[in-house]
**Q** 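So that we are looking at the same thing, I have put the structure below in structure tokens.
Excluded from the calculations below are hydrogen atoms, water molecules and symmetry mates; all remaining heavy atoms, backbone and side chain alike, are included. Below, chains carry the letters A, B, ... as their sequence lines are ordered, and counting in each starts from 1.
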Amino acid sequence: MARRTFDRMTMKPELAALISSALEQLVLQGTLADMPDAPLQIDHPKDPAHGDLSCNVAMVIAKRAGLSPRDLAQQVIAALPSNNLVARSDIAGPGFINFFINSERHTEVISTILSALSTFGHVDIGQGRKVQVEFVSANPTGPLHVGHGRGAAIGDSLGRLLEATGWAVQREFYYNDAGQQIQNLALSVQARAMGKCPEDADWPDDGYQGSYIEDVAKAFTSQETVQAADREITASGDITDLNAIKDFAVACLRREQDQDLRAFAVSFDEYFLESSLYDSGAVDETVSKLVQSGHTFEEENALWLRTSSFGDDKDRVMRKSEGGYTYFVPDVAYHLNKWQRGFKRVINEQGADHHSTITRVRAGLQGLDAGIPEGWPEYVLHQMVTVMRDGAEVKLSKRAGSYVTLKDLIDWVGCDATRYFLVARSPTSQLTFDIDLALARSNENPVYYIQYAHARAASIRRKASAALGDDAETAGLDHLKCLIEPEALTLAITLGRFPEVVATAAERLEPHDVANYLRQAASDFHTFYNAHHILEAQPAVMKARLALVAASQQVIANGLNLLGVSAPESM
RNA sequence: GCGGAAUUAGCUCAGCUGGAUAGAGCGUCGGUCUACGAAACCGAAGGUCGCAGGUUCGACUCCUGCAUUCCGCGCCA
């Protein structure tokens, strides 16, 4: 039912139906023994000479039919029912059937866009089902770095894509606020508060060295008050009270991370604290369930989980000989909690350096015998980011010391460019972030290239509306058959592909598809703009072109929105 | 050593889950503003898709080896 919104917006299913009935016809005639079992494959050819859509069915079934692909293709074409979609069809190459679509069918999408507006591209695949996207999930032990930025850009964009495809999305940030690293944080702040430096002999092992630790220490000793997402803490100033330092430091860094994320236009529905799993007893409960299920054993004073019976290469310690749990135990408890909250679908976006945790967490969940499917949860892993400037790698940040922060990037190149660059490449590729390119205000820079297309469209429409009033675009919908130039038709075809791009990007969990599409859409728009004057054409043509411009602006805005990048009216 | 990811034009990267002559952008070279925004457009040059086999009508895509790079491999998180 909901699928039909999608179907109406693309011509593929319509063409598939025509070909299917042609094949049925051939079966009735006895030319074919039966219908092909695989679904028909219909593609957009790269070469315009190969038509608008093409189908390979003749090559696929030729052998079984005992005919040459080209002969079979000829028969398929002859058996095609009459319709208003296909203007012409050809046989090409080894047996492709190429279809040329009636140009009115290409431009009718303009009406669809101008009535759907910001919902054009939405496709109801999820049908309101719940999905959780967990991303960023940085430890509150320091500022967010560029890797977190990549996770934030990808995760948030995934959320937007899933929303656009009909899912009820919940965005969650998991705070590891209970482990050894938090202890190190508190010790580092304490050391700073006592006037020590990382160079000193008695500086804590594995202490954090960035200058932000000094800031936290100063704030603590001067008894400042910090407002983090869900709590307010005033520092006692007592530098012997390690727990007080810990709570205060965590609050400080959470606040800083929250501010960075806000500057990055990323927000969350839920901040889930690891410590709450200890407080509620969920961790102990998880452990005893695993023990009951018989998937654990004791050895050398420690409790182990047989992760190797769930695909891990060796078994893993759950409870250390000194009594504490290893980090993946609360992770399992956390994911059980997600399952119990009713998320039949969960997507975790993380850095690829955490790859090894996947097997462990899934193994723990299987060991619970809680009816959780084997491949749950899903993971999207992104590879490392390196930052280049003036041809050299940038490694240090003033504030964090050892890594470039997300805030550094936003300060250098702005939120839009940062988000675009971090989301525009496949998560599986290592990413080189070129500061000089991101700063360029020219066609070197894809962000500005796309935004410029949007601003240009807005500018023409402002001029048109001042000269002609606001209804010229609507009137243009009655004259769409005036759009006959190849540049106009190419643009309209590209605009019409948008819902398919959104659906595919959401299904494959690959937001960079949208970035690539936008570059194509912007390019087609610029080409059309340069080839044909809009405001000086004959009235009917002018109005039709204005409608096309309005539709282009809308689609580019919708696409940029999926990436969390702004769509400026002027630049 | 084991596991994961990557390898495509000088550079940065796509390649729609197996389709036609492998594509963009940048860079290089050459054109286009007395008209709606030149932050743009048009054209040219540029390739052994890391290497070797295999699967089939058809392979950058799938399978098996090999090479190189990155990331993991703790009773750290």
Side-chain angles (χ1 to χ4, degrees), chain A residues 41 43-47 49-50 54 56 59-60 62-63 68-69 92-96 98 139 141 176 178-182 184 206 274 300-304 312-314 316-328 330-331 351-359 381-384 386 388 424-432 434 437 440-446 448-449 451-453 455-464 467 497 500-501 504-505 507-508 510 512-513 515-517 519-520 522-523 525-536 542 545-546 549 570-571:
Chain A
Q41 189 183 335
D43 291 312
H44 301 279
K46 295 168 200 159
D47 185 344
H50 294 144
S54 74
N56 64 353
M59 289 182 291
V60 175
K63 199 178 236 180
S68 83
F96 287 102
N98 294 331
N139 291 341
T141 54
N176 290 107
Q180 184 59 39
Q181 301 193 26
I182 298 298
N184 290 343
D206 304 320
E274 182 189 6
E300 294 173 30
N301 238 353
L303 181 68
W304 298 67
D312 206 349
D313 52 354
K314 53 185 172 188
R316 306 287 170 176
V317 169
M318 293 172 61
R319 192 176 56 229
K320 301 178 265 186
S321 50
E322 44 89 347
Y325 294 120
T326 55
Y327 74 93
F328 89 93
D331 254 17
D353 52 339
H354 289 87
H355 181 263
S356 58
T357 67
I358 297 176
T359 328
L381 301 179
H382 63 261
Q383 296 288 327
M384 303 291 100
T386 52
M388 300 287 286
R425 305 234 158 100
S426 165
T428 54
S429 323
Q430 292 173 46
L431 172 65
T432 304
D434 185 337
L437 181 60
R441 302 192 152 245
S442 70
N443 56 3
E444 290 170 53
N445 188 333
Y448 287 100
Y449 182 80
Q451 288 183 324
Y452 180 54
R456 226 180 191 186
S459 168
I460 298 168
R461 294 176 65 199
R462 278 193 299 272
K463 279 215 160 63
R497 270 178 45 220
E500 197 180 328
V501 170
T504 305
E507 277 166 357
R508 306 195 323 166
E510 293 188 343
H512 70 278
D513 287 352
N516 289 333
Y517 168 81
R519 231 164 16 99
Q520 185 62 54
S523 168
F525 176 76
H526 287 309
T527 296
F528 166 70
Y529 174 93
N530 275 282
H532 305 291
H533 289 285
I534 292 146
L535 299 179
E536 268 136 69
M542 175 188 67
R545 287 179 181 172
L546 269 174
V549 170
S570 64
M571 295 170 69

**Q** To the nearest Å, how far apart are A:Q451 CD and B:G25 P?
**A**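 From A:Q451 CD to B:G25 P: 19 Å.
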**Q** Not counting sequence neighbours, which residues clear salt bridge (charged side-chain N to carboxylate O under 4.0 Å, His left out) with A:K463? List them please.
**A**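 Testing A:K463 for salt bridge (charged side-chain N to carboxylate O under 4.0 Å, His left out), a comparison that skips the adjacent residues, returns none.
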**Q** Is the glycosidic angle of B:U64 within 90° of 0, making it syn, or outside that range, making it anti?
**A**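 That one's anti.
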**Q** Ignoring hydrogens and angles, does a donor from either the side chain of A:H526 or the base of B:C41 sit under 3.5 Å from an acceptor on the other?
**A**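 Side chain to base: no pair below 3.5 Å.
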**Q** Who passes side chain to side chain donor-acceptor pair (under 3.5 Å) against A:D313, sequence neighbours left out?
**A**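 With sequence neighbours excluded, A:D313 shows a side chain to side chain donor-acceptor pair (under 3.5 Å) to A:R316, given in chain and number order.
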**Q** Can you check the A:N98 CG to B:U21 P distance for me, whole Å?
**A**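 Those two atoms, CG and P, are 12 Å apart.
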**Q** Which residues pass the salt bridge (charged side-chain N to carboxylate O under 4.0 Å, His left out) test with A:R425, sequence neighbours left out?
**A**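 By the salt bridge (charged side-chain N to carboxylate O under 4.0 Å, His left out) rule, A:R425 matches no residue at all.
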**Q** Could I get the full list of side chain to side chain donor-acceptor pair (under 3.5 Å) partners for A:E510, not counting sequence neighbours?
**A**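 A:E510 satisfies side chain to side chain donor-acceptor pair (under 3.5 Å) with A:R508 once adjacent residues are dropped.
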**Q** Given B:A38, is OP1 or OP2 found less than 4.0 Å from the side-chain N or O atoms of A:R456?
**A**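 Yes, A:R456 has a side-chain N/O under 4.0 Å of OP1/OP2 on B:A38.
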**Q** Mind checking side-chain contact (heavy atoms from CB on, under 4.5 Å) for A:S321 and listing every partner two or more places apart, or none if nothing turns up?
**A**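 In terms of side-chain contact (heavy atoms from CB on, under 4.5 Å), with neighbours along the sequence ignored, A:S321 is linked to A:N301.
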**Q** Using the test side-chain contact (heavy atoms from CB on, under 4.5 Å), find all partners of A:H533 that sit at least two apart in sequence or belong to another chain.
**A**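 Here no residue qualifies.
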**Q** Rounded to the nearest angstrom, tell me the gap between atom NE2 in A:H533 and atom P in B:A40.
**A**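 After rounding, the reported distance stands at 18 Å.
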**Q** Which part of the nucleic acid, if any, lies within contact of A:T141, taking any heavy atom under 4.0 Å across all strands shown: a base, the sugar-phosphate backbone alone, or nothing?
**A**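 The answer is nothing, as A:T141 stays clear of every strand by at least 4.0 Å.
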**Q** A:E536 or A:A424: which one's nearest nucleotide on RNA chain B is closer to the 5' end?
**A**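 On the 5' side of the pair lies A:A424.
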**Q** Taking the side chain from A:S523 and the backbone from A:R519, do they hold a donor-acceptor pair closer than 3.5 Å?
**A**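 Looks like no, no N/O pair under 3.5 Å.
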**Q** Could you tell me how far apart A:D434 (CG) and B:G10 (C1') are, to the nearest whole angstrom?
**A**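 Atom CG in A:D434 sits about 15 Å away from atom C1' in B:G10.
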**Q** Using O4'-C1'-N9-C4 for purines and O4'-C1'-N1-C2 for pyrimidines, with syn meaning within 90° of 0, is B:C49 syn or anti?
**A**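 Nucleotide B:C49 adopts anti.
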**Q** By centroid distance (under 5.5 Å) and plane angle (under 30°), are A:F96 and B:A20 in a stacked arrangement?
**A**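 It does: the ring sits over the base of B:A20.
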**Q** Return the nearest nucleotide to the side chain of A:T428; candidates are B:A5, B:A40, B:G37.
**A**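 Nearest to the side chain of A:T428 among the choices is B:A5.
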**Q** Name the pairs: protein N/O against N/O of nucleotides 57-59 of chain B, kept only if under 3.5 Å.
**A**
unit_1, atom_1, unit_2, atom_2, d
B:C57, OP1, A:K63, NZ, 2.8
B:C57, OP2, A:K63, NZ, 3.0

**Q** With sequence neighbours left out, what residues match A:R461 under side chain to side chain donor-acceptor pair (under 3.5 Å)?
**A**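 Side chain to side chain donor-acceptor pair (under 3.5 Å) list for A:R461, sorted by chain: A:E473, A:Q553.
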**Q** Taking the C1' atom of each, how far is B:G43 from B:A5, in whole Å?
**A**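 These two C1' atoms come out 39 Å apart once rounded.
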**Q** Please confirm whether any donor atom in the side chain of A:S426 sits under 3.5 Å from an acceptor in the base of B:A14, or the reverse.
**A**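 Per atom types, no contact qualifies.
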**Q** Counting only side-chain N and O atoms of A:T527, is one of them less than 4.0 Å from OP1 or OP2 of B:C42?
**A**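 For B:C42, OP1 or OP2 has a side-chain N or O of A:T527 closer than 4.0 Å.
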**Q** Going by side-chain contact (heavy atoms from CB on, under 4.5 Å), name the residues that satisfy it together with A:A455, two or more places apart in sequence or in a different chain.
**A**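 Applying side-chain contact (heavy atoms from CB on, under 4.5 Å) to A:A455 gives A:M571.
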**Q** What dot-bracket string describes RNA chain B from 5' to 3', counting Watson-Crick and G-U wobble pairs whose defining distances are under 3.5 Å, with [ ] for crossing pairs and | for pairs to another strand?
**A** (((((((..((((.....[...)))).(((((.......))))).....(((((..]....))))))))))))....
**Q** May I ask you to verify if any side-chain N or O of A:Y449 is less than 4.0 angstrom from the OP1 or OP2 atom of B:C41?
**A**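 Result: yes.
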**Q** Within this structure, what is the NE2-to-C1' distance between A:H512 and B:A24, rounded to whole angstrom?
**A**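 The distance from NE2 of A:H512 to C1' of B:A24 comes to 13 Å, rounded to the nearest Å.
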**Q** Please state the P separation for the pair B:U28 and B:G10 - nearest whole angstrom.
**A**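 My reading of the P atoms in B:U28 and B:G10 gives 16 Å.
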**Q** Can you tell me how far P of B:A40 sits from CZ of A:R519, to the nearest Å?
**A**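 For the pair A:R519 CZ and B:A40 P, the rounded distance is 13 Å.
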**Q** Can you tell me how far P of B:U61 sits from CZ of A:R508, to the nearest Å?
**A**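 Atom CZ in A:R508 sits about 16 Å away from atom P in B:U61.
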**Q** Rounded to whole angstroms, how far apart are CG on A:N530 and P on B:G43?
**A**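 Going from A:N530 (CG) to B:G43 (P), I get 12 Å.
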**Q** For every nucleotide of nucleotides 67-77 of chain B, 5' to 3': is a protein heavy atom under 4.0 Å from its base (B), only from its sugar-phosphate (S), or from neither (-)?
**A** ---SSSSSBSB
**Q** On a whole-Å scale, what distance lies between the C1' atoms belonging to B:G18 and B:C62?
**A**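 It comes out at 8 Å once rounded to the nearest Å.
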**Q** Between A:E322 and A:G324 (side chain of the first, backbone of the second, donor and acceptor by atom type, cut-off under 3.5 Å), is there such a pair?
**A**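 Yes; at least one donor-acceptor contact below 3.5 Å.
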**Q** Is A:S429 touching bases, backbone alone, or none of the nucleic acid, heavy atoms closer than 4.0 Å?
**A**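 Since only primed, P, OP1 and OP2 atoms lie under 4.0 Å of A:S429, the category is sugar-phosphate.
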**Q** Considering non-hydrogen atoms only, spot the tightest contact between A:H526 and A:Y449 and give its length.
**A**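 For A:H526 versus A:Y449, the nearest heavy atoms are NE2-O, 3.3 Å.
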**Q** Base, sugar-phosphate alone, or nothing: which one does A:A62 contact when heavy atoms must sit under 4.0 Å apart?
**A**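 A:A62: no heavy atom of the nucleic acid under 4.0 Å.
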**Q** Does A:T432 have any side chain to side chain donor-acceptor pair (under 3.5 Å) partners at least two apart in sequence or in another chain, and if so, which?
**A**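 A:T432 satisfies side chain to side chain donor-acceptor pair (under 3.5 Å) with no residue once adjacent residues are dropped.
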**Q** Would you classify A:H532 as touching base, sugar-phosphate or nothing, given that sugar-phosphate means primed atoms plus P, OP1 and OP2, and contacts are heavy atoms under 4.0 Å?
**A**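 Since a base atom lies under 4.0 Å of A:H532, the category is base.
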**Q** From the set B:U12, B:A20, B:G37, return the single nucleotide nearest to any side-chain atom of A:S54.
**A**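 Between B:U12, B:A20, B:G37, the one nearest the side chain of A:S54 would be B:A20.
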**Q** For A:T359 and A:D312, indicate whether the former's side chain and the latter's backbone hold a donor-acceptor pair under 3.5 Å.
**A**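 No.
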